[in-house]
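Since the structure comes first, as structure tokens, the remarks are kept for the end.
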Amino acid sequence: MKRLKKAGWAAVILAAVGLLAYSIWDFWWENLAGIERLELDLSGGTVVSELDTHGGFQGDGDTFVVMTFPQTDRPALEREMTGPYWHPLPLTDNLARVTYNLALGVDGEPFFPEVDQGCYYFRDRHSESQDPTDESGLFNRGSWNFTLAIYDSQTGTLYYYELDT
């Protein structure tokens with residue numbers, strides 16, 4: 001009987017530790033800040049410009065980051081751009097609309113230049129999103145929470161944009 005009690009407590013403790021580990025992982029993933037969301041090794045890059053207007057009401061704002069990478073670091077970086085959020089260019093119609101009409105710098109000009117060769121990252125972080133890789137519902141909601149990055153493989157430039165409204 002004692003052995004059964006010990007096994008029961010061990011199972012409860014193991015389940016609690018597993019649940020705690022999952023909770024920590026989930027919290028960490030959802031609270032990655034800024035460009036770290038891309039999960040890339042950006043250590044070889046140089047930040048050319050950076051602007052973060054978050055901090056307003058409930059953390060609303062934009063984040064813009066432009067990074068360049070030397071020729072020697074580009075192959076390794078480009079190999080990391082895989083997974084469900086990375087796609088080869090061109091952008092979808094919705095993302096082109098976001099890129100050139102919504103993602104505007106402080107001067108009112110589009111943040112993203114026209115990029116022909118490379119890839120893009122999109123993640124819909126909105127609470128109503130059914131699939132974070134799908135941008136089709138982006139304009140059917142009253143607010144936006146998404147991350148968009150475009151990598152220009154010709155120039156080795158990464159453009160990062162995050163919007164929270």
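Atoms considered below: every heavy atom in the structure, side chains included; atoms not considered: hydrogens, waters and symmetry mates.
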Test side chain to side chain contact (heavy atoms under 4.5 Å, CB included) applied to [X] - qualifying residues, sequence neighbours left out:
X: Leu51; answer: Thr53, Phe64, Val106
X: Glu114; answer: Tyr100
X: Pro113; answer: Val115, Tyr159
X: Asp131; answer: Thr133, Asp134

Is any side-chain heavy atom of [X] closer than 4.5 Å to a side-chain heavy atom of [Y]?
X: Leu89; Y: Asp116; result: no
X: Phe139; Y: Val98; result: yes
X: Trp144; Y: Leu138; result: yes
X: Ile35; Y: Leu158; result: yes
X: Glu162; Y: Arg37; result: yes
X: Trp86; Y: Phe122; result: no
X: Met81; Y: Leu40; result: yes

Go through the structure and list residues passing side-chain hydrogen bond (donor to acceptor under 3.5 Å, both in side chains) with [X], not counting sequence neighbours.
X: Asn94; result: none
X: Ser49; result: none
X: Ser153; result: none
X: Glu109; result: none

Hits for salt bridge (charged side-chain N to carboxylate O under 4.0 Å, His left out) against Asp152, two or more places apart or cross-chain, chain-then-number order -> none
Determine yes or no for a side-chain-to-main-chain donor-acceptor pair under 3.5 angstrom, with Thr99 supplying the side chain and Leu95 the backbone.
yes
Exactly one of Val66, Ile150, Thr147 clears side chain to side chain contact (heavy atoms under 4.5 Å, CB included) with Tyr160, and that residue is Thr147
For residues 140-151, the salt bridge (charged side-chain N to carboxylate O under 4.0 Å, His left out) pairs (sequence neighbours left out) are Asp124-Arg141
**Asked** Under the side-chain contact (heavy atoms from CB on, under 4.5 Å) criterion, do Thr92 and Arg97 qualify, and how do the steps go?
**Response** CA-CA 9 Å; Thr92 65; Arg97 189 173 158 198; over 6 Å; no
Checklist entry - Does NZ or CZ of Arg123 come closer than 6.0 Å to the centre of the six-membered ring of Phe146, within 45° of the ring's axis? => result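 No, Arg123 does not sit over the ring of Phe146.
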With a 6.0 Å cut-off (strictly less than), is the heavy-atom count around CD of Gln154, excluding the residue itself, greater than 12?
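Yes, because the 6.0 Å sphere around CD of Gln154 holds more than 12 heavy atoms from other groups.
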*Pro70 and Gly44: which non-hydrogen atoms are nearest, and at how many Å?*
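Heavy-atom minimum between the residues: CD-O, 3.3 Å.
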Correct closest heavy-atom pair for Ser43 and Asp41 would be OG-OD1, 2.7 Å
Evaluate the criterion side-chain contact (heavy atoms from CB on, under 4.5 Å) for residue pair Met67 and Thr46; output intermediate values, then yes/no.
CA-CA 5 Å; Met67 293 185 77; Thr46 301; over 6 Å; no
Could you measure the distance from the OH atom of Tyr85 to the CG atom of Leu38? Nearest 0.5 Å is fine.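 Tyr85 OH to Leu38 CG: 12.0 Å, rounded to 0.5 Å.
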Rounded to the nearest 0.5 Å, the OG atom of Ser143 sits from the CD atom of Glu128 at a distance of 6.5 Å
Hits for ring pair (Phe, Tyr, Trp, His ring centres under 6.0 Å) against His87, two or more places apart or cross-chain, chain-then-number order -> Tyr120
- [ ] Might you work through the side-chain contact (heavy atoms from CB on, under 4.5 Å) test for Leu77 and Leu42, ending with a clear yes or no?
- [x] CA-CA 8 Å; Leu77 178 67; Leu42 304 173; 4.2 Å; yes
Q) Which side-chain hydrogen bond (donor to acceptor under 3.5 Å, both in side chains) pairs, counting each pair once, include a residue from residues 62-84, with sequence neighbours left out? A)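 For residues 62-84: Asp52-Thr63, His54-Thr63, Asp62-Tyr161, Gln71-Arg74, Glu78-Tyr151.
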